[in-house]
Each structure stands twice: as C-alpha cells, then as structure tokens.
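Notes for the one structure printed next.
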Amino acid sequence: MKELQDYEKDLISIRAIMERSVKFLSLSGLSGVLSGVYALIGSAIVYSILYYPYFPIDFHFHYADERTVVDQLLIVAASVLILSLSTGYFLSMRKAKKLNTTIWNTASKQLFIDLMIPLASGGLLIVILLVQGYYGIVAPASLVFYGLALQQGSRSTYTEVKYLGLTEIALGLTCAALPGYGLIFWAIGFGVMHIVYGSVMYFRHER
Amino acid sequence: MKNPFENLDKVLEHSARLQIMSVLMANDSFDFNALKELMGITDGNLATHMKALEREKYISVIKSFKDRKPNTTYKATDRGRQVFKKHLEGLEQLIKQQKK
C-alpha cells in the first residue's frame with residue numbers, strides 16, 4: 001500500500017508531465033525582448049528612409065512607391081525577420097538544454113503548425129495585395145495575422161503569448177482604421193509589445 | 001462515506017503508468033520515442049509499462065513506419081480514460097479525507 005504523500009506526489013507529477021507533453025516550455029522570453037529591439041531598430045531605419053525629416057506623428061500620406069525605396073524596405077524587413085527567428089531559435093535551444101529537453105518535440109511541432117497556417121496565409125495575402133499596389137495593407141495585415149497566429153499557437157505554449165496575440169490583433173485593427181500611421185503601429189506591435197511581453201515571460205519563467 | 005480506495009486502480013498505482021496515461025489523456029496520440037524522452041526512462045522500462053497498459057486495454061497501439069523505421073504510437077482507449085478519471089477522483093477523495 002502506498003503512503004498518502006506518495007499519492008500527493010503522483011498528482012503533482014502528472015500535472016507537470018501533462019503540461020510538459022502539450023506545452024512547448026522552452027520558448028525564450030528573452031528572445032522576444034531582443035526581437036522587439038530589432039523591430040524598433042528596423043522601424044527607425046524605415047523612418048529615416050521614408051519620413052525623415054518629417055515627424056512621424058504628423059498625419060500625411062507618404063507612401064513608399066519608388067522601386068528603390070520598396071527594395072530598401074524589404075531588405076530591412078527581411079533582416080529583422082531573420083535576426084528575430086535565429087535569436088529565437090538559439091535562445092530557445094539554450095533554454096531547452098537547461099530544461100533537459102529538446103527543441104523539436106510533439107508540443108513544438110503543434111506550435112509550429114498552429115503558427116504557420118495564419119502566418120503563411122497572411123504573408124501570401126500581403127504579397128498579393130502589395131503586387132497590386134496596396135502598400136497600406138502591410139502594417140495592419142501583418143499585425144492582425146501575426147496576432148491570430150500567436151493566439152492560435154498559445155495553446156501549445158505560455159499563456160502570455162495569447163495576450164500578446166490579442167494585443168497585436170487590436171493594434172492591427174486600429175492601425176487599419178488610421179491610414180498613414182502604419183509605421184508607428186508596426187513599431188509598437190512588433191517592437192514595444194515584444195519587449196513588454198518578452199520581459200513578463202522572462203521574469204516569470206526564466207529566472 | 002464511500003471508500004475512496006474502491007476508485008483506485010491497481011495498474012495505475014504505479015507512478016510511471018499513471019504518468020503515461022496522463023500524457024495520453026492530454027494528447028490525442030503520442031509515440032514511443034517522444035514518451036521516452038518526456039519521461040526520461042529507458043526503452044525496456046517504458047516497453048514493460050506499455051505492455052502492462054496494453055494488456056489491460058487502457059491503451060491502443062498503432063504500429064507504422066516513419067522514414068523506414070518502425071514507429072509505435074499509442075492512444076488512450078475509452079476504457080483507459082474512464083479508469084484514469086476514476087483513479088484521479090479516488091486520489092483526490094483520499095487526500096481530502098486525510099486533510100480533514
């Protein structure tokens with residue numbers, strides 16, 4: 001016959017193992033903070049290309065329409081994306097090692113699928129509309145689809161990700177209602193919010 | 001008061017088996033290697049537990065090939081789910097009674 005403490009231990013251990021089996025807990029909050037920093041630097045570069053010396057809050061339609069400018073913007077965006085993804089991968093791998101698990105498991109596969117469906121559809125939609133000249137779609141659509149992806153993916157990882165997702169959706173919709181302020185909303189959504197939620201995750205789960 | 005021990009299941013008394021069942025409750029299906037990694041136990045050890053659970057018909061086994069290597073996937077059966085739930089209820093009752 002088992003002792004009562006053993007039964008209590010059983011209950012605690014199955015809670016932990018259930019959580020570990022469905023949630024990807026190696027996701028690094030610190031990498032969220034760094035992605036936010038990259039996005040803010042990227043936004044500053046875009047600002048200097050597009051608006052300087054105007055103040056970005058001033059309402060004016062200043063669209064990126066010259067070929068060279070669009071190319072420069074794409075290079076900045078791609079660099080931010082690649083830097084963020086590689087930092088996320090590297091730091092999550094480090095955290096996985098610390099937690100004594102691997103980065104590619106059942107939970108992370110589920111997370112990947114959940115993220116990729118909204119991200120790929122949103123990405124394709126943005127590219128299609130960009131080709132047709134709807135430059136204004138980029139900021140609101142990227143925020144909304146990124147938010148949907150996070151909200152969907154959050155069931156396989158920390159709950160903070162869900163709230164980050166909902167925040168991104170709200171920002172994206174507000175951004176769509178206020179044309180001309182895309183860059184500012186983009187900087188808040190991908191820069192500031194990543195730093196805020198990334199720090200919360202870091203302080204809650206990584207220290 | 002009902003005796004909480006009636007709800008407890010002999011096979012699930014073993015912590016490792018209870019943990020395996022809990023993973024299969026939380027996921028539609030889970031494969032052998034992923035389970036091994038999650039639990040941090042050896043091949044032989046895990047295989048013995050899986051055999052025991054299979055014999056009781058708490059889990060069903062699906063054998064297939066992945067990249068030409070045999071891949072075994074497990075699912076909790078309805079019977080397994082019921083027994084697991086009852087066992088958990090039993091554990092909770094037991095702890096509640098003792099704490100009074």
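Every chain is numbered from 1, with letters handed out A, B, ... down the list of sequences. Every heavy atom of this structure was used, including side-chain atoms; hydrogens, water molecules and symmetry mates were not.
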Smallest separation among heavy atoms of N27(B) and S21(A), with atom names: ND2-OG, 2.9 Å

For atom NZ of K9(A), is the number of surrounding heavy atoms from other residues, nucleotides or ligands below 6.0 Å larger than 12? no

What is the distance from atom OG1 of T106(A) to atom CG of L38(B), rounded to the nearest 0.5 Å? 7.5 Å

CG-CZ distance between D10(A) and R17(B), expressed to the nearest 0.5 angstrom: 12.5 Å

Working to the nearest 0.5 Å, report the span between CG of L91(B) and CG of D6(A). 11.0 Å

Write down the atom of Q19(B), the atom of S13(A), and the distance for their closest heavy-atom approach. NE2-OG, 3.0 Å

Return the OG1 to CD distance between T102(A) and E37(B), rounded to the nearest 0.5 Å. 3.5 Å

With distance as the sole criterion, is a donor-acceptor pair present between the side chains of Y7(A) and E92(B) under 3.5 Å? no

If you draw a 6.0 Å radius around CZ in R81(B), do more than 12 non-hydrogen atoms from other residues or ligands fall strictly inside? yes

Counting only heavy atoms not in R79(B), do more than 12 fall under 6.0 Å of its CZ? yes

Around atom CZ of F32(B), are there more than 12 heavy atoms of other residues, nucleotides or ligands at under 6.0 Å? yes

Rounded to the nearest 0.5 Å, what separation is found between the CG atom of L12(B) and the CD1 atom of I14(A)? 9.5 Å

